[in-house]
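Structure, as structure tokens:
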Amino acid sequence: MELIYWLILIFWIVAVRIFKKKSGSTLKLAFALFIIAATLTVFGLRNLAEPVMRVSFIGWIIGLIQALIEYKKSV
Amino acid sequence: MKFFARPSVIISISALVLVISWFHEGFILGTAEAKIPFYNLDRFSQHTSSAWMDIYLGFASNQTLASGPTWWFLSQIQQLGVPGFLIQAMVFWLLFFSAGMGVYWLTEELFPDLSKKYLILAVFFYWFNPLSLVNVWNRFLYSYMVFWVLLPIALYVFTKGLKERKYIFGIIVSLLLTLFSYALTAYVFNVLLWFVLCFTLFFLLLINFNRKFILFCFKFFLLTLVSFVIFNIWWMLPLLSYVSASETAKELSYFISSAGNVYTLTILSQKLGNLIDIMRFSHAGFYANEGPKWASYYNFPVLIIVLFSATSAVLFGIYRLRKNMPALFLGTAFMLGIFLAEGNNPPFGKIFQFFFEKISILQMFRDPFEKFGFLISLAAAPLFAVGVKECSDSINARVKSLIYPTSLIIVLGVFGYPFFSGLVFTSQTPPNDNYAIGYKVKVPDYYKQADKWLQSQGSNFRFIGFPLGDEGITYDWEKGYQGVESAEILFSTPNVMFKTTIPYFDQVAGQLEQMLFTGTNFNSAADLLNVKYFMVRSDVNTSERRLRDPKSLEAIFIQKEKEGEVKKIAQFGKLTFWENLRWFDKTIYAATNRVEVSSQPSIPDSLFDGVLDNDVLLQADSRNAIKNKAVMTIIYPDDRKADNFNDDKRPLLEDQKKYRFNVTEQANYELVLDGVNLNKEATLVGQLKIIVDNQQIARKGEFRKDNKLSYGQIYLDSGTHEIVVNRLLSQNLILAPAEVILQSSQGKNTALFELADFDPYSRYLIVFDYLIRTGDDFVFMFQQNNDLFRNGNIVPEFPYLNILKRDAFNNFRHANGIFTPGRSEKAWLFFGVNPNADTDVIIKNIATNRLFEPQPVLIKENPRVQLVSPKISYSKKNPTEYRVHITGAENPFVLVFSELYNNGWEAILEDGTRASDHFLANAYANGWLIDKKGDFNLTIKFAPQKLLETGRLISVFSILAALIYIGSILKRKKNII
């Protein structure tokens with residue numbers, strides 16, 4: 001089960017590299033996924049909301065690391 | 001007016017409003033492991049001021065030493081006549097104020113452009129967010145509260161030091177950690193605190209990676225760490241001595257195992273580690289069904305939206321300020337906190353589990369949500385304020401003005417409501433579920449009277465309080481208390497009133513009540529514990545804690561009074577005291593005769609006929625240095641534990657139980673069966689078949705004076721021997737018709753059968769056959785008179801066989817199980833069908849038999865050699881030091897010191913030599929072999945006390961030096977200005 005999240009992590013990192021996306025795009029997507037997961041939770045769909053929230057969480061991790069790299073490059 | 005607009009004044013007044021709302025009625029608050037220290041601060045202070053506490057059977061205070069200065073300071077205030085509730089109110093105000101100022105300064109330091117109103121918002125968010133509510137304030141552990149205060153302040157000073165590159169801040173951090181050392185009584189917070197500081201350091205190094213800064217960081221961190229160790233050495237030294245002791249690991253492994261920790265981690269991660277809960281700061285259990293009733297309202301969709309909106313603000317802050325270093329720092333800390341709080345849950349929980357299993361110290365984080373929740377709260381508070389500001393800045397002017405007030409309403413109104421209303425101090429269980437009571441406690445006056453009376457009786461004895469249950473207790477007082485038993489706060493006299501996971505104490509306390517009800521000579525056991533009084537309390541909630549009925553305990557003591565063993569001596573309100581008429585001071589005594597027990601001795605061994613008052617129970621092996629033979633050798637089988645039956649396993653009548661004995665000396669041994677209840681099982685005795693090494697014992701058993709069953713002397717060679725005892729069951733203990741029919745359509749919904757001749761310390765086999773003719777299921781319960789009630793329903797102690805389902809083939813089904821009652825007086829078999837569903841059930845062949853489980857024991861008695869016992873007199877200097885004077889020692893003897901066994905205790909002779917042979921005596925106490933003749937003195941000392949005192953000196957002088965240094969720097973700075 002956990003493997004799928006590792007695959008998503010790898011896929012997301014590869015996508016960021018290929019499409020040369022900045023941290024802003026990653027964080028925006030992660031934020032959108034968070035809103036979707038939160039909405040699903042409000043409607044009582046916990047089983048559906050949790051995987052979406054996990055993917056969102058992966059997005060926040062990648063986005064923050066990207067932001068850190070960008071910050072480091074800028075100073 | 002400007003005065004009231006000052007942040008410190010706003011924070012101070014807000015904290016004051018909270019505290020007034022909680023304490024205006026004049027009651028102290030107490031629950032859980034925090035107990036009720038504010039009832040008697042002086043007593044609590046004494047217990048945390050030395051390395052050994054003379055409470056219970058004695059207890060090393062390694063874990064609580066760091067809280068000593070706090071309790072000492074508070075006790076000084078109480079001695080001025082300030083009531084406990086007012087001191088507690090002041091402490092709570094100080095905690096809120098300090099935490100508030102810490103968060104304010106931290107947020108201001110990280111985001112200097114943020115206006116004051118947003119800084120105040122960060123403070124309120126830190127105070128009231130659901131993680132603080134559940135993990136800190138509802139949890140109600142003082143170490144948690146202090147850590148919650150310490151974390152933002154320490155991080156603020158630490159980051160300021162790194163930012164300004166000034167070493168003095170490292171020393172200030174260490175001084176702060178000393179000031180808030182209470183937080184460090186929970187070892188896990190030492191790890192968490194240094195983890196946060198290390199994370200901060202590494203983050204800044206990552207961002208600012210240059211040689212000069214690396215060198216500064218290294219020195220700064222080293223200075224902080226070293227000064228922290230020196231300032232706090234007073235509690236660290238005794239702790240290190242305890243941790244490094246060879247027996248510590250053995251003792252701890254008795255209660256804690258790595259596999260158990262992983263299991264707990266998994267269970268808690270699954271329950272609390274879901275991201276949809278953590279991402280809205282929610283403790284899933286508390287808001288679902290484990291918290292008070294009001295908590296479930298936070299699962300309403302509107303409130304879920306509100307909770308998520310707070311997280312949205314935090315995330316929005318991270319997103320908007322992703323090019324700002326402090327926001328990145330807090331954002332990373334926030335996500336790291338969430339990752340860790342998840343435990344071993346996906347997506348990346350396996351990483352957590354890997355380190356958890358490999359690094360044993362991390363197993364302190366087996367409840368990761370509770371511990372790492374502090375990090376989430378800390379990072380989220382400034383980010384929330386920043387997020388709200390960014391949200392406000394990015395929205396059009398018309399809506400903009402609403403953002404801040406709305407945020408404030410959410411934080412104060414939705415998050416803060418449980419605080420302002422006092423609901424935060426309520427829980428699911430009585431009496432805390434009553435909102436008018438909650439955690440408020442009013443200890444009845446008769447406790448003070450009883451305590452005073454006990455003190456007037458001397459200071460060289462203990463008492464046992466009944467009913468005696470586990471760690472948790474529920475008192476039915478006007479403002480009742482539920483939590484860990486506070487016996488050491490209610491009474492100055494050491495006592496045994498509960499069973500808890502303290503090595504040796506655990507086994508002793510767990511056996512006492514059963515011995516009182518079933519043993520013939522309970523006073524002998526009480527003597528071993530130096531017990532002068534027995535107390536029966538009838539103000540406890542017996543069903544909440546599944547305790548024996550105080551009336552049945554009273555009846556036992558009335559019976560014992562008739563037999564001349566005890567005497568009713570005092571009554572204070574609902575507390576009755578009975579004097580042990582055999583008592584004499586056994587704090588320190590000399591034993592020339594020993595009773596050897598083949599495995600570890602236990603208190604019930606003192607009940608064997610032939611064991612005298614001044615004998616000592618010792619483990620066989622060991623004390624060969626005592627030249628005379630043991631007066632008695634008791635050999636138990638290799639495996640003393642009772643069979644652990646599964647509920648679906650029926651022991652057959654023809655079953656036999658085999659016991660293996662390891663005999664070291666060939667001799668005649670008396671074969672005795674222990675654990676035979678003379679009143680209830682005398683008729684079964686004739687059916688017993690005992691086979692020793694394949695030869696059946698022809699002789700019939702005879703009851704000895706101690707009510708144990710003797711099969712006479714048997715000659716055994718040294719080596720391993722096998723004794724086989726056949727298993728027997730009592731007759732059917734219930735009177736039930738051949739067939740019981742339950743028909744909901746006829747209104748026959750329940751059937752109840754009481755067990756005759758009930759003994760709560762036996763196990764019962766229950767069997768019946770059933771056929772569900774109509775309907776799907778029915779209920780069976782093993783009911784007891786002290787069963788717990790929740791929402792009007794019984795919560796059975798043994799839920800198995802609870803709901804019985806219909807057979808697909810419509811045949812009779814057989815049900816059976818072994819049931820072990822729990823501290824009750826009566827028990828019933830209950831059968832019931834749902835009155836609202838058409839159900840028709842036939843139950844037949846209902847039977848309940850008590851398992852007859854006597855245990856064979858081999859006893860060898862040797863003639864007593866009349867040795868002269870030396871006379872012992874002693875004086876107690878303090879709980880860690882006793883001066884002993886010995887007169888007329890003619891032979892080697894065992895000096896027994898009736899405090900809980902701990903390898904820190906030392907017996908030091910006048911010439912400074914230590915008695916080297918220190919061992920466990922009487923199943924819980926300390927024993928030394930003293931091989932010296934004549935009259936002499938010795939001192940019994942608890943060695944870690946010396947470490948504590950040395951540590952105190954080092955700490956005090958180093959703190960003074962640090963303060964002088966800081967003062968001189970500040971003065972120099974002032975002069976320059």
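Note that the coordinates shown come from a computational prediction; the quantities given were computed from them, not determined experimentally. Both backbone and side-chain heavy atoms feed into the values below; hydrogens, waters and symmetry mates do not. Protein chains get the first letters and strands the later ones, always in sequence-line order, with residue 1 at the start of each.
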The single option from B/F111, B/Y118, B/F125, B/F128 passing ring-ring contact (aromatic ring centres under 6.0 Å, His included) against B/F384: B/F125
Close side-chain approach of B/I351 to B/F339, heavy-atom, < 4.5 Å: yes
For chain A, the option from B/I207, B/L206, B/L275 that forms the most heavy-atom pairs under 4.5 Å: B/L275
B/F158 ring center within less than 6.0 Å of B/F220 ring center: yes
Contact class of B/F203 relative to chain A, heavy atoms under 4.5 angstrom: side chain
Top contributor to chain A interface from B/L303, B/I304, B/V302, B/L328 [non-hydrogen pairs under 4.5 Å]: B/L328
Test item: B/T159 side-chain N/O and B/L155 main-chain N/O as donor-acceptor pair under 3.5 Å: yes
Nearest heavy-atom neighbours spanning B/L321 and B/A327: O-CB, 3.3 Å
Interchain contact, A/I35 with chain B, by part (heavy-atom threshold 4.5 Å): side chain
B/F365: which of B/F374, B/F372, B/F195 passes ring-ring contact (aromatic ring centres under 6.0 Å, His included): B/F372
Between B/F199 and B/F329, ring centroids under 6.0 Å: yes
Would you enumerate the inter-chain donor-acceptor pairs between chain B and chain A whose distance is below 3.5 Å?
from, atom 1, to, atom 2, distance (Å)
B/L275, N, A/E50, OE1, 3.0
B/L275, N, A/E50, OE2, 2.9
B/I276, N, A/E50, OE1, 3.0
B/D277, OD1, A/R46, NH1, 3.1
B/D277, OD2, A/R46, NH2, 2.9
B/P346, O, A/R54, NE, 3.4
B/G349, N, A/E2, OE2, 3.4
B/K350, N, A/E2, OE2, 3.2

Chain B contact via A/L9 - which portion, at a heavy-atom distance below 4.5 Å: side chain
More than 12 heavy atoms from other groups under 6.0 Å of CG on B/L402: yes
Aromatic contact, B/F308 with A/F34 (centres under 6.0 Å): yes
Structural part of A/I61 lying under 4.5 Å from a heavy atom of chain B: side chain
